[in-house]
Structures are given as structure tokens and as C-alpha cells.
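Report on the structure given below.
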Amino acid sequence: MRKLFMPTDRIGLESYQKSISNNFKAINELLERDMPIMWHINGIQFESTPAWPEGHYYQSGFSIEDSTAARNVFAERGIIYEEVEIPHSKGRLLKKIKTAVYSGRGSDDDFSAPLLEVLKWGGFDHSFVNDADIRGGKMRNFDVMIVPGSPDAGECYYAGLGDRGYDAIRSFIANNGHYLGVCGGAYLPLTSYNTENRYWLNIVEATDTEDLDYWRSGSGFVRCRIEDNKHPIFTSMALGVSSTINIVYWEGPSITIKGSNVKSLAHFESLLASGRDPLKPYWSMYDNKMSDDAVRGWYNPLTPDIFTNLLLGKTAFAEAEFCGHKLLLYSPHPEMGNIGYGPRKDSLNFLLIYNGLMYLAS
């Protein structure tokens with residue numbers, strides 16, 4: 001079948017296209033027009049293309065039926081594309097999703113602001129839901145729930161949501177849709193084996209062995225080892241048989257897998273920098289003030305000893321399943337970008353958010 005193919009290959013810390021966020025803005029515009037789009041991950045080989053008559057291999061990309069409307073969107077956004085023949089089975093069909101971003105008492109404005117900015121850059125429409133909305137049953141109108149970072153490991157969520165709000169979130173994931181949690185949002189679905197902890201949803205068979213003591217770790221710049229290079233969230237990021245991510249960590253959960261309904265996608269491998277000598281970063285953070293605060297200025301810096309004792313080898317990124325729906329749990333902060341490489345916008349790490357939502361929409 002003849003289609004337009006938009007490659008999204010990684011080249012260093014950049015994209016084959018001119019802008020990572022621009023890629024997803026174009027795709028979301030096309031989805032808003034109800035155009036069927038296939039997402040191609042883990043490589044696709046073409047026997048021949050106009051640019052490569054001898055054949056060519058692309059790492060990843062999106063394909064859509066050829067139309068004037070699609071060509072116009074690609075032209076307006078400066079998207080590089082080719083006319084190709086693609087077997088129907090070679091991809092994941094995307095669909096429009098209704099996304100709710102939690103904005104209740106447990107959502108910290110400092111952590112939600114950069115995440116909302118990344119969503120805006122990528123063209124991901126969303127609505128806000130506060131504690132009263134969730135307690136009142138509004139979640140039934142959505143397909144995906146995003147929970148940004150919080151000021152603690154779960155207490156603040158419960159302070160706004162209570163038992164009724166927690167039951168509503170459990171019901172949403174069981175009956176309606178999927179979940180993406182970052183940092184504090186990755187704590188929330190965990191299971192505590194301490195009966196004094198009433199502040200987690202207890203719906204995935206994973207825990208943090210330090211329970212609610214989020215103060216124990218601190219903040220810094222860490223390297224995570226990807227365990228499943230084929231997983232969709234790492235599309236255009238993980239290449240070859242061994243891949244890593246350099247990313248900001250800020251007192252997120254050190255996840256321990258306990259059962260079969262959750263799997264580790266990447267684990268903490270090394271500490272790269274923090275606000276304590278001799279690990280203070282020597283490079284510019286450019287316009288990335290929050291990352292600068294996390295890595296250079298936070299009063300509670302991550303140290304080598306703490307990293308070794310509490311994070312090394314533990315899960316940093318996980319996928320769980322609850323009643324047939326997916327949960328993506330991100331302990332570090334992809335929305336803070338690749339620090340030290342250049343300006344924050346269009347960071348490769350944003351793909352963890354963009355890919356995660358595309359995965360939940362496919």
C-alpha cells in the first residue's frame with residue numbers, strides 16, 4: 001500500500017527530523033483529523049524508496065495514507081518524508097486519546113510545569129483533573145491519566161483524594177484506561193508491605209523498600225541502563241544491543257519488582273553528577289533552571305554511597321498491568337531534558353514522554 005513515511009531516526013542526541021517535538025505535533029495534528037497513522041518501531045527495511053532506490057533501513061517512523069491534507073501538514077511543519085510501499089502489518093495503529101493530567105493537592109507546580117510544557121511542544125492535548133473531579137467520577141471521561149511529580153512519596157495525594165479518590169483511580173485503571181506516573185506519580189501505584197502506609201494504591205506488584213522515606217536519596221544526574229531495547233518507550237533512543245539514558249533524578253522511587261504484573265524496563269547504573277564535591281557539574285545547564293536546581297543546587301545532593309546503597313541496580317523505569325490496562329512508571333524526570341548538551345527544548349529524553357503516550361494510544 002502506497003503511503004507517506006516520516007522517519008524519526010536518532011542521530012546522536014538529535015533527530016533525523018529538524019525537531020523532536022515538531023514530529024509529534026505533526027502526528028497529533030493528523031490524529032485530530034481522524035487520519036489513520038501507523039507507528040513503526042524497531043526498524044523497517046524498504047526494498048526501494050525515491051531517495052534510496054537501492055533500498056534503505058530506517059530505525060523508526062510514522063506512516064499515513066497519501067493525501068493532500070497529510071502533505072500540507074508535513075509541508076507546514078517542515079517534515080522530511082518519503083512515498084513508500086508498506087505492508088499493513090508493519091506497525092502499531094495509533095488512535096486519539098483523551099488525557100487527564102492530575103492537578104490536585106498532590107501535584108507540585110514546580111514539577112508539573114516542565115511536563116506541561118513538553119506536552120504543549122509535542123501537541124498533546126490534555127485536560128486537568130483535581131481532587132474533587134476525581135472524587136466526583138470525572139475520570140470515566142478519559143483514556144489516560146498522567147500524574148506528575150509531587151512534594152513527597154504519596155502522603156500529599158491522599159491528603160487531597162482520600163479513600164474515595166483512591167478508589168476512583170483504581171476503578172479508572174481497571175475499567176477505563178492507562179496511567180503514566182513520573183517521580184511521585186511513580187510512587188502512587190506501588191504496593192506497600194507496611195500496614196502503616198495508607199498512601200499508595202497497592203495495585204502493582206512492586207514496591208520501594210524504603211517505603212515513604214523519599215528524603216533518603218536526594219537529587220542528581222544519573223545514568224540508567226535500558227533492559228528492553230525493543231520496548232516502544234525507547235523508540236528512537238535505544239540503538240544496538242546496549243543502550244543507556246542520562247537523566248535527572250530527584251528523590252523518586254527505587255522500585256523493587258515483587259510479582260508478575262510488572263516488569264523492569266531500565267535500572268539505575270551510575271551517578272554522573274550532583275551538588276556535592278567531587279561530583280559538582282562543571283558544564284552549563286543553558287536555560288534549564290530546574291535541572292540546574294536538581295543537579296547543582298538542591299540542599300540534599302545524591303552521594304556515591306547513597307546511590308550505591310539505595311539505587312544501584314534498582315528499577316528506574318517499569319511497566320505494569322492492572323486489569324488489562326497499562327501503567328508506565330518513571331522514577332527519574334525525562335521532562336527536564338538532556339542537561340549540558342544544549343537548550344532544553346527538543347531534548348531526546350522528551351521521547352520517553354512522547355513515546356509513552358503513543359504506546360498507550362496504540
Side-chain angles (χ1 to χ4, degrees), residues 99-102 106-108 111-112 115 118-119 143-150 152-154 156-157 166 169-170 172-174 177-193 197 199-212 214 217 222 224-228 231-234 237-238 245 247-269 310-311 313-336 349-361:
T99 301
V101 177
Y102 174 67
S107 178
D108 187 280
F111 288 118
S112 60
L115 178 59
V118 171
L119 293 176
D143 304 304
V144 173
M145 180 181 191
I146 300 176
V147 179
S150 71
D152 58 37
C156 58
Y157 295 121
Y166 272 33
I169 296 175
R170 292 186 190 100
F172 162 75
I173 300 172
H178 310 294
Y179 178 99
L180 193 158
V182 178
C183 193
Y187 271 109
L188 186 58
L190 297 179
T191 294
S192 175
Y193 297 93
N197 179 356
Y199 306 111
W200 293 348
L201 294 174
N202 295 338
I203 60 174
V204 301
E205 296 176 61
T207 194
D208 185 320
T209 55
E210 300 299 312
D211 213 58
L212 295 172
Y214 63 96
S217 54
V222 301
C224 298
R225 173 69 58 179
I226 296 173
E227 298 170 22
D228 183 358
H231 196 281
I233 71 167
F234 303 125
M237 297 185 72
I245 305 167
I247 195 166
V248 174
Y249 167 85
W250 203 332
E251 294 174 344
S254 174
I255 300 171
T256 297
I257 306 298
K258 289 286 190 178
S260 59
N261 80 330
V262 58
K263 63 180 179 179
S264 181
L265 303 178
H267 62 264
F268 294 104
E269 182 174 88
L310 295 181
L311 295 178
K314 294 293 183 67
T315 293
F317 294 85
E319 178 183 3
E321 179 272 332
F322 183 65
C323 297
H325 292 107
K326 303 181 183 72
L327 298 93
L328 295 175
L329 310 181
Y330 298 171
S331 176
H333 287 273
E335 74 279 10
M336 294 189 189
N349 283 349
F350 293 171
L351 285 170
L352 293 162
I353 302 295
Y354 296 154
N355 288 340
L357 289 173
M358 287 295 167
Y359 175 51
L360 299 180

Does Met336 form a side-chain contact (heavy atoms from CB on, under 4.5 Å) with Phe350? I'd like the steps, not just the answer. CA-CA 8 Å; Met336 294 189 189; Phe350 293 171; over 6 Å; no

Is a side-chain donor-acceptor pair under 3.5 Å present for Asp211 with Ser192?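 Per modelled atom types, Ser192 and Asp211 side chains form a pair under 3.5 Å.
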
When you compare the side chain of [Y] with that of [X], does any pair of heavy atoms fall below 4.5 Å?
X: Leu329; Y: Phe317; value: no
X: Leu212; Y: Asp152; value: no
X: Leu119; Y: Val101; value: yes
X: Leu115; Y: Ile146; value: yes
X: Thr315; Y: Ile257; value: yes

Working to the nearest 0.5 angstrom, can you tell me the gap between [X] [atom1] and [Y] [atom2]?
X: Lys314; Y: His267; atom1: NZ; atom2: NE2; value: 12.5 Å
X: Glu335; Y: Phe111; atom1: CD; atom2: CZ; value: 8.5 Å
X: Leu357; Y: Thr99; atom1: CG; atom2: OG1; value: 6.0 Å
X: Ile169; Y: Ile203; atom1: CD1; atom2: CD1; value: 8.5 Å

Can you name the closest pair of heavy atoms from [X] and [Y] and give their distance?
X: Ala206; Y: Ile255; answer: CB-CG2, 3.8 Å
X: Cys224; Y: Phe268; answer: SG-CD2, 4.0 Å
X: Asp228; Y: Phe234; answer: O-CD1, 3.3 Å
X: Phe172; Y: Met145; answer: CE2-CB, 3.6 Å
X: Glu205; Y: Asn261; answer: N-OD1, 2.9 Å
X: Ser107; Y: Pro148; answer: OG-CG, 4.0 Å

Could you walk me through whether Thr209 and Leu310 pass side-chain contact (heavy atoms from CB on, under 4.5 Å), step by step? CA-CA 9 Å; Thr209 55; Leu310 295 181; over 6 Å; no

Once side chain to side chain donor-acceptor pair (under 3.5 Å) is applied, do any residues pair with Tyr214, and if so which ones, sequence neighbours excluded?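 Counting only residues at least two positions away or on another chain, Tyr214 forms no side chain to side chain donor-acceptor pair (under 3.5 Å).
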
Residue pairs passing the side-chain hydrogen bond (donor to acceptor under 3.5 Å, both in side chains) test where at least one lies in residues 247-256, sequence neighbours excluded: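 side-chain hydrogen bond (donor to acceptor under 3.5 Å, both in side chains) check on residues 247-256 returns Ser217-Tyr249, Glu251-Trp298, Glu251-Asn300.
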
Give a yes or no on whether the backbone of [Y] and the side-chain of [X] come within a donor-acceptor separation of less than 3.5 Å.
X: Asp208; Y: Pro253; value: no
X: Asn349; Y: Pro334; value: no
X: His325; Y: Ile173; value: yes
X: Arg170; Y: Leu201; value: yes
X: Tyr354; Y: Val118; value: yes

Report the relative orientation of the aromatic rings in Tyr157 and Tyr102; use parallel for angles under 30°, tilted for 30 to 60°, perpendicular for over 60°.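 The rings of Tyr157 and Tyr102 sit tilted, inter-plane angle from 30° to 60°.
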
Side chain to side chain contact (heavy atoms under 4.5 Å, CB included) against Asp143, all qualifying residues, sequence neighbours excluded: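 Residues passing side chain to side chain contact (heavy atoms under 4.5 Å, CB included) with Asp143: Ile97, Lys98.
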
Glu319: which residues meet the side chain to side chain contact (heavy atoms under 4.5 Å, CB included) condition with it, sequence neighbours left out?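 Counting only residues at least two positions away or on another chain, Glu319 forms a side chain to side chain contact (heavy atoms under 4.5 Å, CB included) with His231, Lys263, Leu265, Lys326, Leu328, Tyr359.
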
Could I get the full list of salt bridge (charged side-chain N to carboxylate O under 4.0 Å, His left out) partners for Glu269, not counting sequence neighbours?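 With neighbours one apart ignored, the set is Arg225.
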
May I have the step-by-step check of side-chain contact (heavy atoms from CB on, under 4.5 Å) for Val262 and Leu327, ending in yes or no? CA-CA 9 Å; Val262 58; Leu327 298 93; over 6 Å; no

Please tabulate, one pair per line, all N/O donor-acceptor pairs under 3.5 Å involving side-chain atoms of residues 181-191, not counting sequence neighbours.
from	atom 1	to	atom 2	distance (Å)
Tyr187	OH	Arg216	NH1	2.8
Thr191	OG1	Val204	O	2.6

